[in-house]
Q: 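Below: one structure in structure tokens.
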Amino acid sequence: MYNHTQSQALPRALYTAEQVKALDQKAINELGIPGIKLMKRAGRAAFERLLQHWPELDSLTVYCGGGNNAGDGYVVAALAAQKRIAVDIVQLADPEKLPADAYTAYQFARQEGVIMAPFGEHGAIAGEVVVDGLLGIGAQGTPRGDYAAAIRQINEANKPVLALDIPSGLCADSGHADEAVRADVTVCFIGLKRGLLTARGPKLCGQLYYHDLACAEACQSLPAEVERIQSTELLARLPAREADAHKGRFGHVLVIGGDYGFAGAALLSAESAARCGAGLVSVATRAEHIGAIISRRPELMAQAVVSGQELQPLLEKASVLVIGPGLGRSPWSEQLLQKAADYSAEQGVPMVMDADALNMLAEGRVLEGARDNWVLTPHPGEAARLLNTDIPSVEADRFAAVSQLQQRYGGAVLLKGAGSLICCNQAAIGLASVGNPGMATAGMGDVLSGVIAALIAQGMNVGDACRLGVCLHGDAGDLAANELGQRGMLAADLIPHLSELLAES
């Protein structure tokens with residue numbers, strides 16, 4: 001299965017750089033582990049991972065900066081020399097100015113006879129594999145000068161790269177990066193940094209591994225503001241089906257959308273809701289689409305509506321609303337949105353909003369005010385419009401963006417993208433490190449909105465439904481990619497796998 005994160009082996013808690021520094025000090029001060037011992041553990045963990053990925057390795061080049069991250073690099077180089085691997089170090093900082101523990105690691109590498117040269121005097125990269133120990137989690141802003149040049153040199157060499165703790169240039173807190181090392185493997189230590197799993201983190205980290213350096217006790221004492229979420233944990237919150245169950249117990253999802261030319265979006269959302277266990281699913285759409293929807297999925301109740309007034313009787317039968325898939329921006333679209341949003345607010349009926357429903361919300365065409373019974377599912381462009389900002393600002397700090405959206409609009413907010421984020425009234429932001437690049441195609445969001453609605457219809461609160469929905473959606477995408485490959489995968493390819501994932505719940 002495609003999964004850059006080796007997710008089953010990663011911890012749940014995710015931390016900022018400052019929190020990881022606090023964990024490191026806690027391990028030193030309270031657990032009594034000397035800093036140099038932690039550094040040697042980190043270097044050995046990275047070296048062992050290096051040999052697992054490249055067991056026939058004959059030569060290695062290690063880039064070392066001026067902080068403790070460099071100390072890890074010096075340890076890796078020393079261990080490689082002990083194994084008779086040809087190794088050389090490219091130095092970006094004067095060793096005499098290294099922190100004490102990193103300087104001790106430098107002396108360890110010298111003792112083992114490792115060849116070292118300053119960056120300005122080093123020629124082409126000689127090693128078969130490169131180890132990135134340039135910049136650690138303490139680095140701020142865009143790399144400049146020799147560090148920027150070294151990052152470009154590593155990337156342009158087109159050789160496999162292992163990053164120590166974090167790829168140099170990647171922000172540990174946000175996942176933002178202007179210029180950063182593109183690693184094939186990243187080995188993270190002590191606390192898992194949240195920026196590794198969202199924004200540009202997944203692309204730059206390659207395969208991500210974690211080692212607690214025998215400091216798990218320190219991590220347990222520090223609450224995390226962000227946590228990884230997985231469907232295996234959340235499925236237990238989905239109410240079981242009793243032997244005497246009937247369809248009326250599992251809710252009625254009403255999908256509102258499918259303007260001219262967009263019938264497929266409403267159909268994908270409705271079919272996903274049905275496949276994920278909703279007892280009844282209706283579609284309110286244009287009259288021209290009814291035949292196509294029923295012929296494709298006769299289990300759906302498709303009805304034509306031409307106005308908000310005609311929508312009213314359908315709203316009264318529904319227990320969950322989905323509005324946005326294929327909704328468009330016409331006067332018809334706006335009238336249906338306003339009617340559905342007003343009804344949801346007045347009657348307390350949960351509502352999942354996606355696509356153009358979000359764009360019209362951003363324009364103030366929906367009754368203003370935060371609500372606790374809706375789910376907003378923006379991608380970065382929609383999030384930017386909802387926050388009256390731009391996409392780069394959203395992507396520069398996705399954690400801040402999703403928090404601001406939830407504070408402004410309430411309910412549960414899902415910020416889609418690599419490392420999707422879910423924020424609601426629960427203690428921690430959820431991060432779902434699931435899915436694959438093959439899911440960057442039309443209709444995926446429509447499927448997701450139907451999944452979330454079906455889970456709400458079956459009794460889950462909006463926060464849990466949003467969290468489980470995004471995990472099931474990503475897991476189904478991974479299963480579809482295994483079967484069909486990523487390129488050319490369609491949104492409808494996920495739907496059979498959604499049923500498969502829910503089969504034993």
Side-chain angles (χ1 to χ4, degrees), residues 251-274 276 278-294 296-297 299-363 365-367 371 373-378 382 411 414 443 445-457 462 465 469 491:
H252 186 160
V253 174
L254 172 61
V255 177
I256 306 165
D259 202 354
Y260 296 125
F262 301 110
L267 174 58
L268 284 168
S269 184
E271 185 173 354
S272 299
C276 286
L280 297 164
V281 182
S282 295
V283 184
T285 188
R286 292 283 192 179
E288 289 80 357
H289 303 326
I290 300 300
I293 290 173
I294 293 175
R296 162 67 183 263
R297 196 77 279 154
E299 298 87 350
L300 302 176
M301 296 175 287
Q303 298 191 46
V305 293
V306 296
S307 66
Q309 185 176 357
E310 289 194 0
L311 183 63
Q312 179 69 31
L314 303 181
L315 294 172
E316 293 172 357
K317 297 177 183 178
S319 57
V320 185
L321 309 179
V322 177
I323 186 158
L327 184 65
R329 304 292 296 277
S330 69
W332 175 85
S333 314
E334 184 173 347
Q335 188 176 160
L336 297 189
L337 173 61
Q338 290 177 344
K339 188 68 174 180
D342 289 349
Y343 183 82
S344 170
E346 293 165 3
Q347 301 299 321
V349 176
M351 181 167 62
V352 180
M353 296 184 69
D354 189 28
D356 276 324
L358 296 173
N359 292 326
M360 286 192 276
L361 173 63
E363 294 168 1
R365 301 195 201 180
V366 177
L367 187 67
R371 306 186 189 182
N373 68 331
W374 62 7
V375 177
L376 309 184
T377 62
E382 293 158 348
L414 162 60
D446 304 315
V447 170
L448 177 57
S449 64
V451 175
I452 295 171
L455 297 173
I456 296 172
V462 294

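On a predicted model such as this, the values are computed, not experimentally measured, just so you know. All residue numbers refer to positions in the sequence shown, counting from 1.
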Q: Would you indicate whether Phe262, at its atom CZ, is surrounded by more than 12 heavy atoms from other residues, nucleotides or ligands within a distance under 6.0 Å?
A: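 For Phe262, atom CZ is not crowded (no more than 12 foreign heavy atoms under 6.0 Å).
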Q: List the atom of Gly324, the atom of Ala355, and the distance in Å for their closest heavy-atom pair.
A: O-CB, 3.5 Å
Q: About how many Å separate CG of Leu376 and CE of Met351, when rounded to the nearest 0.5 Å?
A: 8.0 Å
Q: Go through it in stages, so that I can follow the logic: the residues are Met301 and Leu280, the test is side chain to side chain contact (heavy atoms under 4.5 Å, CB included), and I'd like the CA-CA distance, side-chain angles, deciding distance and then a yes or no.
A: CA-CA 8 Å; Met301 296 175 287; Leu280 297 164; 3.9 Å; yes
Q: Does any part of the side chain of Asp354, heavy atoms only, come nearer than 4.5 Å to the side chain of Leu448, both counted from C-beta?
A: no
Q: Between Gln335 and Leu311, is any pair of side-chain heavy atoms under 4.5 Å apart?
A: no
Q: For Val451 and Gly469, which heavy atoms make the closest approach, and how far apart are they?
A: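 Looking at all heavy atoms of both residues, the shortest contact is CG1-CA, 3.8 Å.
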Q: Taking the side chain as everything from C-beta on, heavy atoms only, tell me whether His289 gets closer than 4.5 Å to Val283.
A: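 No, every pair of side-chain atoms sits at 4.5 Å or beyond.
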Q: Taking the side chain as everything from C-beta on, heavy atoms only, tell me whether Asp259 gets closer than 4.5 Å to Asp356.
A: no
Q: Arg286 and Ser330: which non-hydrogen atoms are nearest, and at how many Å?
A: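 Shortest heavy-atom contact: NH2-OG, 3.9 Å.
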Q: Do Glu382 and Asn359 have side chains that get closer than 4.5 Å, going by heavy atoms?
A: yes
Q: Do you know the tightest heavy-atom contact between His252 and Ser282?
A: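 Smallest heavy-atom distance, with atoms named: NE2-OG, 2.7 Å.
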Q: As an exercise, state the distance from OH of Tyr343 to CG of Leu254, rounded to the nearest 0.5 Å.
A: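 CG of Leu254 is found 10.0 Å from OH of Tyr343.
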Q: Using a 3.5 Å distance criterion without hydrogens, assess whether the side chain of Trp332 forms a donor-acceptor pair with backbone atoms of Val305.
A: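 Side chain of Trp332 to backbone of Val305: a pair is present.
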Q: Without swapping roles, check the side chain of Ser333 against the backbone of Leu327 for a donor-acceptor pair under 3.5 Å.
A: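 It does hold such a pair.
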Q: Quick one, Leu267 and Leu300 - any side-chain contact, counting heavy atoms below 4.5 Å?
A: yes
Q: Testing the basics here: between Pro350 and Ser319, what is the closest heavy-atom pair and its distance to 0.1 Å?
A: CD-O, 3.3 Å
Q: Could you measure the distance from the CD1 atom of Ile452 to the OG1 atom of Thr377? Nearest 0.5 Å is fine.
A: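 Here the rounded value is 6.0 Å.
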Q: Take Glu363 and Arg365 through the test salt bridge (charged side-chain N to carboxylate O under 4.0 Å, His left out) and record every step on the way to the result.
A: CA-CA 6 Å; Glu363 294 168 1; Arg365 301 195 201 180; 2.8 Å; yes
Q: How long is the gap from CG on Leu337 to CD1 on Ile256, to the nearest 0.5 Å?
A: 8.5 Å
Q: Could you tell me which non-hydrogen atom of Ile323 sits nearest to which non-hydrogen atom of Pro325, and how far apart they are?
A: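 Looks like C-CD, 3.5 Å.
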Q: Among Val253, Leu314, Leu315, find the residue that satisfies the side-chain contact (heavy atoms from CB on, under 4.5 Å) test when tested with Leu321.
A: Leu315
Q: Could you give me the CA-CA distance, side-chain angles and deciding distance for Ser269 and Ser272, then say whether side-chain hydrogen bond (donor to acceptor under 3.5 Å, both in side chains) is met?
A: CA-CA 5 Å; Ser269 184; Ser272 299; over 6 Å; no
Q: Who are the salt bridge (Lys or Arg N to Asp or Glu O under 4.0 Å) partners of Arg296, not counting sequence neighbours?
A: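 Scan of Arg296 (salt bridge (Lys or Arg N to Asp or Glu O under 4.0 Å), adjacent residues dropped) gives Glu271.
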